[in-house]
Each structure stands twice: as structure tokens, then as C-alpha cells.
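Fair warning: this is a prediction, and the values are worked out from it, not measured in the lab. Atom set for the values below is all heavy atoms of this structure, side chains included, hydrogens, waters and symmetry mates excluded.
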Amino acid sequence: MFEARLLRGSILKKVLEAIKDLLTQATFDCDDSGIQLQAMDNSHVSLVSLQLRADGFDKYRCDRNISMGMNLNSVAKILKCAGDKDTVTMKAQDNADTVTFVFESPNQEKVSDYEMKLMNLDLEHLGIPETEYSCTIRMPSAEFARICRDLSQFGDSMVIACTKEGVKFSATGEIGSANIKLAQTASVDKEEEAVIIEMDEPVTLTFACQYLNYFTKATSLSPQVQLSMSADVPLVVEYRIQDIGHIRYYLAPKIED
Amino acid sequence: IERQDLMSLYYPKL
């Protein structure tokens, strides 16, 4: 028996919004530590890694490890039927070929359940080692979303250059060029609003705007985003999900022709 | 390099 109940059901709605444009299907791997999902987008340029810890749920039971392959469009359709304040419960029997989503309104007056067929997905998993990055940048997630949106008007790719002075986002295209520089916040009143840079070595890498824009669909999950970069390895864009886990996106840098 | 295999260039398949 698998059962995961979340009073803050809107978290699951936001998680689906954060992955459904990038992934068409994915496997939710559930064990007694929680729910994990790892999947590459169709073109294998980026990778999504989601972790929701068991202790972040209001009730969590997983008697046997189960892997539930799901069509994410279908999951998104179902979760759209949940109210923002609803409690969401996912449950499945051992060896089941369906999963059930139960939504309860705050006053318990409306209870809905949606049963969805599971899929057998034979997807590759990649081993991502713990890595020390040359630069990590923490900044408001809404600011990062704004920068990605603004710069993608200028070109298909964006250069992110991090030095100890700050971080510069640049794009160049037919209409011209754009540069946005963010300095490290001098004094931090509210950590959520700060730009904080930790740098061992300066790094400059180029990424596809389209994917960065997909990643910013996670903005509502966290007020802050963390970018981690080292030369010649994928960028990590991480949104922490309060008290329950995180979603990380990995994006391979563009290599100059 | 095939674009298809970009991510698995960086991380080993399990």
C-alpha cells in the first residue's frame, strides 16, 4: 500500500506545472524515504530531478517500493481539478496498475477522487554525483524568471558570467544585444530578496533560453532559486520546496560551433 | 556528438 497525503495540496499542483512543459511522461519512484522523479526531456538536453521527502507529507506510507509511470499531461489535468486549498492524497495498492488522487476541500464538504492508469515506462536513469561547483548564485526566483523572459527576446541563447563582483546575463541577436548585471546584495535584510554569490573561480557559460524559460515554471514553488555552475558541466537550477524537498533542473551548456 | 545523448555525456547511465 502506498499513500501520501499533503495538506498543502497546491504544492503538487505547482510541481506539475513546473515539469509538464519539459516532460511528457515520468516515473514517480516511491520508497519509505519519499517520492523521487528523475527524467530527461525528449531531446536529452536537460534533466529534471524532483525529491519530496516522506517527512514533509502529513501522512506517508509506503510498504513496498513502487515505481509509478505517469503521463504528465494526464496528471496535470487531474491536479487542475484540485482547489488551491485542497488536501491532496495519492494512493495505490501494491502492484497496482492505477493510482488514485483524492482531493478534500478544507471543510471536508467536497471530496473528489480521480483514478488514473499507470504506464510501464522504461526510462534511463543517470547517476548525478555530488559536485562542488565553482560558482553558486542565490537570487529571487521571480527576478531570474524575469531575466530569462526578457533576454529570450534577443536571442536563442543566454550567456551567464559569474565573477566575485556579480553575475551578468547576456543575449545577442538580430535586433541587438542585452546585458543584465546583478551585484551581490550589500546588506541582507530579507534573505529571500538577496543576491548571494559564492565563487571559487569565475565561470562563463552559454545556455539555451528555451530551457531556462521552462525551468522558471517552478518559480511559484520557492521565493529563491540557486544556480550552480562549473566550466564545461551542466548548470543546476534548484528550487527548494519548503519543508519537503526540491526540484533541480540540469542543463548542458551550449558548445560554440 | 549526437544531440540526443548530450546529458548522458556528463552523467553515467545507471
ask   = Hey, is CG on A:D63 packed in by over 12 heavy atoms from elsewhere, all under 6.0 Å?
value = yes
note = Here the gap from B:L14 atom CG to A:Q38 atom CD, rounded to the nearest 0.5 Å, amounts to 7.0 Å
task = For atom NZ of A:K217, decide whether the heavy atoms of other residues, nucleotides or ligands shown that lie under 6.0 angstrom number more than 12.
result = no
key: Flag side-chain contact, heavy atom, 4.5 Å: B:P12 against A:L126   = no
ask   = Would you say the ring centroid of B:Y10 lies under 6.0 angstrom from that of A:Y250?
value = no
request  = Flag the one option from A:I128, A:L47, A:V233 with the top tally of heavy-atom pairs under 4.5 Å to chain B.
outcome  = A:I128
inquiry  = Using every non-hydrogen atom in the two residues, find where A:G127 and B:Y11 come nearest and quote the distance to one decimal.
reply    = O-CB, 3.5 Å
request  = Under 4.5 Å heavy-atom distance to chain B, tell me which part of A:D232 shows up: side chain, backbone, both or neither.
outcome  = backbone
Note, B:M7 side chain near A:V45 side chain (heavy atom, < 4.5 Å) = no
